[in-house]
**Q** 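Have a look at this one.
None of these values were measured; they are calculated from a predicted model. Below, chains carry the letters A, B, ... as their sequence lines are ordered, and counting in each starts from 1.
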Amino acid sequence: MLALVVITIVKLLVLFAFTMTCVAYGTLAERKVCGHIQDRIGPCYCGPRGLLQPLADGLKLFFKEDITPSEVDKPVFILAPVLAVAPPLLAIGVIPFGESITLFGHKIPLVVADVNVAVLYLFAVASFSVYSIVLGGWASNSKYPLLGGLRSAAQMISYELVLGLSIMGVIMLAGSFSLTDIVHAQKHWWFVLTQPLGFLIYIVAATAELNRLPFDLPEAESELVGGYHTEYSSMKFAMFFLGEYANMVVASAVGACLFLGGWNPPFAFLSFIPGIIWFLIKLFFIFFTLLWIRWSWPRLRYDQLMTFSWKYLLPLSLLNIVATAGVMLWMHRI
Amino acid sequence: MFGPLLNGLKITLKHMVTPGVTVKYPYEHRKVAERYRGRHILKVDEEGRELCCACGLCEAVCPSRCITIYGEEDERFEKSNVGKIAGFYQIDYTRCIFCGFCVEACPRGAIEMTQFYELAEPAQKGDDPRAGLLYYKERLMKEPPTLGEEGGAK
């Protein structure tokens, strides 16, 4: 019993440190990728090749003056950044990073909580993200944050539906809501091969859920100053960014688990490389794709965003489900 | 619909792997053109005698009137081979537009332009804070420092 508690606490700490490191270096990766895409070199003075830049950014944000505008709804104003960070940190707990390892005679599964309804839990927790944006926009008592918050509410509700439907095919094929079972079901065929449409829709909907370009309407700089975080400063401002990048890590991890075979190597002869390495490679591949998309494509107009979701993605994802079901029936797999 | 989107991704990826154009300026200097018009230099001949004979053509041709010259006799031909030198030669770099007319006007090739461009100076104490940008003869006769080593602020 005690061993279980200790192991769980250690796992939580490691996972928390991992997520926060990913977030910190995610910001650096974003700036580096952006720089190189634009024929620049990105941050390069802070530490070797700019590797200490996240540290410098963090210190700067800590020491900045924390301004609370006089007209804001104070409790909600403070609550919103907290709600931005909490959901991704809750969500990362159910993601299996690899198969169990044996350490000091204990069999340790590389997941904090192997929930049998992990996918449902992920969606339940991810839905909280919208609250931070809506509440932040509302509590700021200012027009640009409010517009950003409202846009975000409509956008995230639309795309959450599509996001949920896009992975139904995977759940049908795996026959389970547990992420561990889903990864085991991809031993031979990754679901990206059997569900290519589902994977595409997942990436698009996840990008929209993360409020990232080309769907970053809630914080469209050229239209809304900064969007929902216009009135925020110092560490409260940083919390929103922490949340955004942590959400990206979660979305990448979930994508790797559901579609790219989790910790399974692509070919059987490559299985001498530990599963966790494969999982991280896949995670960072999706993460990089998100960055790559951001610096390549322009922002959609708001009506285009809504049309795209309801008129194209939703029917497509429904079609995907029906087609998957049909093929499964035909192959007598139910 | 997907063609242009994928094409965009292809282009950004291509640019990502090509090296950037950044020059880390204070640490690296871009190579300027061979005929770049930077700070002036007053030349001397093989025996170390000044070429400038204070004819005043550069002063006359200068569109921004940044050159001031006072001639001086050199009866014993110590400093020049024509018996006359510029006793006072000043270029005011707060006014100079680096057009190079002075170089073209000079009949003896006494004034040339170098590739040195780090001319910023800290404000000077005293009446004129821009006094550091008034270059006198001694300074103009010296080769400019290597870029970056002694450039600008000291």
**Q** Can you give me the closest heavy-atom contact between A:Tyr45 and B:Tyr25, atom names plus distance?
**A**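 Result for this residue pair: OH-N, 4.4 Å.
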**Q** Got a second to check how far B:His15's NE2 is from A:Ile37's CD1, nearest 0.5 Å?
**A**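 Going from the NE2 atom of B:His15 to the CD1 atom of A:Ile37 covers 10.0 Å.
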**Q** State the CE-CG distance between B:Met16 and A:Leu291, to the nearest 0.5 angstrom.
**A**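 Between atom CE of B:Met16 and atom CG of A:Leu291 there are 8.5 Å.
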**Q** Testing the basics here: between B:Leu5 and A:Trp297, what is the closest heavy-atom pair and its distance to 0.1 Å?
**A**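 Here B:Leu5 and A:Trp297 meet closest at O-NE1, 3.1 Å.
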**Q** Measure distances from B:Lys24 to the heavy atoms of chain A and classify the residue's part below 4.5 Å as side chain, backbone, both or neither.
**A**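 For B:Lys24, heavy atoms of backbone and side chain both lie under 4.5 Å from chain A.
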**Q** Evaluate whether atom OH of A:Tyr302 has more than 12 neighbouring non-hydrogen atoms of other residues, nucleotides or ligands under 6.0 angstrom away.
**A** yes
**Q** Any chance OH of B:Tyr93 has more than 12 other-residue heavy atoms, nucleotides or ligands included, within less than 6.0 Å?
**A** yes
**Q** Does a donor on one side chain sit under 3.5 Å from an acceptor on the other, for B:Thr12 and A:Trp295?
**A** no
**Q** For the atom pair CG (B:Leu9) and CD1 (A:Ile293), what is the distance rounded to the nearest 0.5 Å?
**A**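 B:Leu9 atom CG to A:Ile293 atom CD1 measures 6.5 Å (nearest 0.5 Å).
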**Q** More than 12 foreign heavy atoms under 6.0 Å from CD of B:Glu28: is that the case here?
**A** yes
**Q** Using a cut-off of 6.0 Å, state whether more than 12 heavy atoms not belonging to B:Tyr70 lie near its atom OH.
**A** no
**Q** Around A:Phe285, counting heavy atoms of other residues, nucleotides and ligands shown, do more than 12 lie under 6.0 Å from its CZ?
**A** no
**Q** Testing the basics here: between B:Thr22 and A:Ile41, what is the closest heavy-atom pair and its distance to 0.1 Å?
**A** OG1-N, 3.5 Å
**Q** Within a 6.0 Å radius of atom NZ on B:Lys137, are there more than 12 heavy atoms belonging to other residues, nucleotides or ligands?
**A**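 Counting other residues, nucleotides and ligands, NZ of B:Lys137 exceeds 12 neighbours.
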